[in-house]
Number of protein chains: 2
Amino acid sequence: MVTLAEVAQHAGVSASTVSYVLSGKRSISTTTRQRVEQSIRELGYHPNAGARALASSRSNIIALMIPLRTDMYVPVMMEIAIAVATTARTHGYDVLLLTGEEGPDAVRRVTGSGLADAMILMDVELDDERLPLLRGTDQPSVLIGLPADTTGMTCVDLDFRATGALCLEHLAMLGHRDIAVIGEAPAVYERHTGFAERTLDGLRGRSQELGVRLLHRPCDGGYDAMAVTLARILDERPGTTGFVVQNESAVEPLLALLRQQGRAIPEDVSVVAICPDQVATQASVRLTSVAIPAQEMGRHAVEHLVAKLDGRGKDEVVLIAPELTVRASSGPASA
Amino acid sequence: MVTLAEVAQHAGVSASTVSYVLSGKRSISTTTRQRVEQSIRELGYHPNAGARALASSRSNIIALMIPLRTDMYVPVMMEIAIAVATTARTHGYDVLLLTGEEGPDAVRRVTGSGLADAMILMDVELDDERLPLLRGTDQPSVLIGLPADTTGMTCVDLDFRATGALCLEHLAMLGHRDIAVIGEAPAVYERHTGFAERTLDGLRGRSQELGVRLLHRPCDGGYDAMAVTLARILDERPGTTGFVVQNESAVEPLLALLRQQGRAIPEDVSVVAICPDQVATQASVRLTSVAIPAQEMGRHAVEHLVAKLDGRGKDEVVLIAPELTVRASSGPASA
DNA sequence: ATAGGTTGTCGAAGCGCTTCGACTCGGACT
DNA sequence: AGTCCGAGTCGAAGCGCTTCGACAACCTAT
């Protein structure tokens, strides 16, 4: 293992000079710098992470806490994680992967040990028990998702309320008067993950403004659960012609079931999904959808965090505006 | 930030004693140990990760390199990552998330800097350029996947060759004589990710032994790609009654298309999928499938790694035996 | 009773880096 | 000519931990 001292000796300078070449915190003459850089290359030197962390009290690591459960949006989580990792690298940070399993203890452990300089939390619940801990530390953090109380927190999320409103608006404008919402799994609502409820708020609010009837039903993913849910919906509101689907693993089953019942899409019923674009374009019908901007959220989160670590950047709630793309699954309500 | 020294002072012992209480590397009297533990609790002490890494040259971090691409098995990747993270924690390790993006450089950086004690590589290609680097270091590593040359490597993977054989066998036993394989996306074959080719080997080998006709077609995910592929297959081999599907995002489209053509499952055609159980049970038909044991793979990988780090454990290729679960998508070939 | 072994504790020496203060040297300013 | 300043470099002091050797106290065996 090559050390700073060896590089220094090889280049004929002192250790501190090498350090300053690396960090750029003091000016170094061009000739010296080049000599040092040459030595670094020749010896294949990599600074020791532990020593660096100890001396500078900076680990250059960002902790990312992902949900353990897989009842929800797995591809979105993955995409966010990858975006976080790649963006972090462009700023010189690595990413530590924590699962929600440890809960608040993980927060304590990471902040206490200086393992990471900052944290990103996913799957934030409305009244998340990790938040008080984060507020009680000076370690910067960013939430992906929106808790009930955002004071002192930086949050990044899709504006799900606006998303709900947008979906409803789209269907209402097409003339649909009876709209059903296929929600997330019941468990998601029970644990008060905000996004599902905010979406619903947006849907409800706009439906009242526009005089549209709305029926919301949570739904586990998969064919069987969807079949049951759909039957109930059509029983209660036979005139339903518009569907908004939030649970991405209910999309394909819904389409299959509708088709099976002889309801044509979009001639008889319209479907709007809230899902990643990939899902929308790979489905058996190209879906009109509001995209979940996973990459953008991951990137945003990291960039806010880096800004905070650099002393720039303030607490802020960033709600990404939803964009609805019209594809082949929605059309005018039949007269 | 509480330090070891403060704990020592609070407990009225020396720093080294506290360290030994923590590590258990020397015997400590019960009374002293309890006093120290009490102080640790009262002060809320967490050992500083950097200092610990520096002094012990152990970071207690395992690096996990996941593929950047999302053209394949995203949920599987995610499940593996989560299994790795949780298993690692039970052994006192944290997980550093690296994306394939940096390629071999990431390996150099991590081993060179002592950021991690060991690595797990996913999405290993047959002739992976990261392998020489791994061989040239004394840092333990485990591959999830199987390269062409496994000498000096520890690998964990599903036995895809046996998986292929098993799928074929199942269909052949049911009387199917013309079988089509819906493979992974062409890109997967082009980059020589071994598992797809090994599956094919297994299928081909057994088909010859059993005298069954086999047609293999790579296929991108999604409805449209599947439609084209299926049309070609049925054009070339109209008598095809058995399907083996490896690309999980082609499963649902295939089912929909077959249904649409009036082919009943399993009365007219049988379908066997290679996919996680969740996909198999949530599909519109409960699928006969060979499960991809993502969790098991992640867990295995970590446990081998930990064994190596503890000086136990040797290089070894672990191929997990496939298990085929018969569900509702396969049945006897119609006479 | 004494040599020998255990057991429990301590002090001190690093691990490899960052960073502060100090120093030298040349040029710019009085 | 003398003073001041900035640029460029160095030495040394830690950062908080682990670990080695030393040592005291006690407990066996002889």
Side-chain angles (χ1 to χ4, degrees), chain A residues 1-37 39-40 43-61 92 94 109-117 309, chain B residues 1-37 39-40 43-61 92 94 109-117 309:
Chain A
M1 197 109 303
V2 189
T3 71
L4 228 214
E6 294 175 277
V7 174
Q9 191 174 11
H10 186 272
V13 297
S14 75
S16 47
T17 300
V18 177
S19 179
Y20 286 124
V21 167
L22 252 27
S23 70
K25 294 194 177 172
R26 283 203 185 170
S27 51
I28 298 287
S29 69
T30 318
T31 61
T32 306
R33 190 197 347 275
Q34 285 171 350
R35 202 141 36 84
V36 170
E37 282 165 353
S39 298
I40 289 177
L43 301 178
Y45 169 71
H46 286 273
N48 180 87
R52 183 168 261 191
L54 176 57
S56 65
S57 14
R58 280 296 201 110
S59 64
N60 288 301
I61 288 180
D94 273 295
R109 193 166 58 85
V110 168
T111 59
S113 66
L115 235 186
D117 297 333
L309 287 167
Chain B
M1 196 108 304
V2 189
T3 70
L4 228 213
E6 294 176 278
V7 174
Q9 191 176 12
H10 186 272
V13 297
S14 76
S16 46
T17 300
V18 177
S19 178
Y20 287 123
V21 167
L22 252 28
S23 70
K25 293 194 178 173
R26 285 201 185 173
S27 52
I28 298 287
S29 68
T30 318
T31 60
T32 307
R33 187 193 354 270
Q34 284 171 351
R35 202 142 36 83
V36 170
E37 281 164 354
S39 297
I40 289 177
L43 301 179
Y45 169 71
H46 286 272
N48 181 86
R52 182 168 261 193
L54 177 57
S56 64
S57 16
R58 281 294 204 112
S59 62
N60 288 302
I61 289 180
D94 272 294
R109 193 166 58 84
V110 168
T111 58
S113 66
L115 236 185
D117 297 333
L309 287 167

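Below, chains carry the letters A, B, ... as their sequence lines are ordered, and counting in each starts from 1.
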Do B:Tyr20 and D:dC17 have a side chain to base donor-acceptor pair shorter than 3.5 Å? no
N/O donor-acceptor pair, side chain A:Arg26 with base D:dT9, under 3.5 angstrom: yes
Over all strands shown, is [X] touching base, sugar-phosphate only, or nothing at heavy-atom distances under 4.0 angstrom?
X: A:Thr3; value: sugar-phosphate
X: B:Leu4; value: base
X: B:Ser23; value: nothing
X: B:Ser29; value: sugar-phosphate

Is the backbone N or O of [Y] less than 3.5 Å from a side-chain atom of [X], with the two atoms forming a donor-acceptor pair by type?
X: A:Arg33; Y: A:Val21; result: no
X: B:Asp117; Y: B:Ser59; result: yes
X: A:Gln34; Y: A:Thr31; result: no

Look at [X] and [N] and indicate whether a side-chain polar atom (N or O) is within less than 4.0 Å of OP1 or OP2.
X: B:Thr17; N: C:dC10; answer: yes
X: A:Ser56; N: D:dC15; answer: no
X: B:Ser27; N: C:dG8; answer: yes
X: A:Lys25; N: C:dT18; answer: no

Gap between atoms [atom1] and [atom2], on [X] and [N] respectively (whole Å):
X: A:Leu22; N: C:dG16; atom1: CG; atom2: P; answer: 16 Å
X: A:Glu6; N: C:dC17; atom1: CD; atom2: C1'; answer: 14 Å
X: A:Arg52; N: C:dC15; atom1: CZ; atom2: P; answer: 19 Å
X: A:Arg35; N: D:dG8; atom1: CZ; atom2: P; answer: 14 Å
X: B:His46; N: D:dC15; atom1: NE2; atom2: P; answer: 21 Å
X: B:Leu54; N: D:dT19; atom1: CG; atom2: P; answer: 12 Å
X: A:Leu115; N: D:dC17; atom1: CG; atom2: C1'; answer: 14 Å
X: B:Tyr45; N: D:dG16; atom1: OH; atom2: C1'; answer: 7 Å

So if I take every side-chain heavy atom of [X] and compare against [options], which nucleotide ends up nearest?
X: A:Val13; options: D:dC10, D:dG16, D:dT9; value: D:dC10
X: A:Ala55; options: D:dG14, D:dC10, D:dG16; value: D:dG14
X: A:Ser14; options: C:dT19, D:dC10, C:dC17; value: D:dC10
X: B:Ser19; options: C:dT18, C:dC10, D:dT19; value: D:dT19

Between A:Gly50 and B:Thr31, who's closer to the 5' end of DNA chain C by nearest nucleotide? B:Thr31
At what distance, to the nearest 0.5 angstrom, does [atom1] of [X] lie from [atom2] of [Y]?
X: B:His10; Y: B:Leu43; atom1: NE2; atom2: CG; value: 4.5 Å
X: A:Leu115; Y: A:Ile61; atom1: CG; atom2: CD1; value: 6.5 Å
X: B:Ser113; Y: A:Asn60; atom1: OG; atom2: CG; value: 10.5 Å

For A:Ile28 and B:Pro47, take the nucleotide of DNA chain D holding the closest heavy atom to each; which residue's nucleotide lies nearer the 5' end? A:Ile28
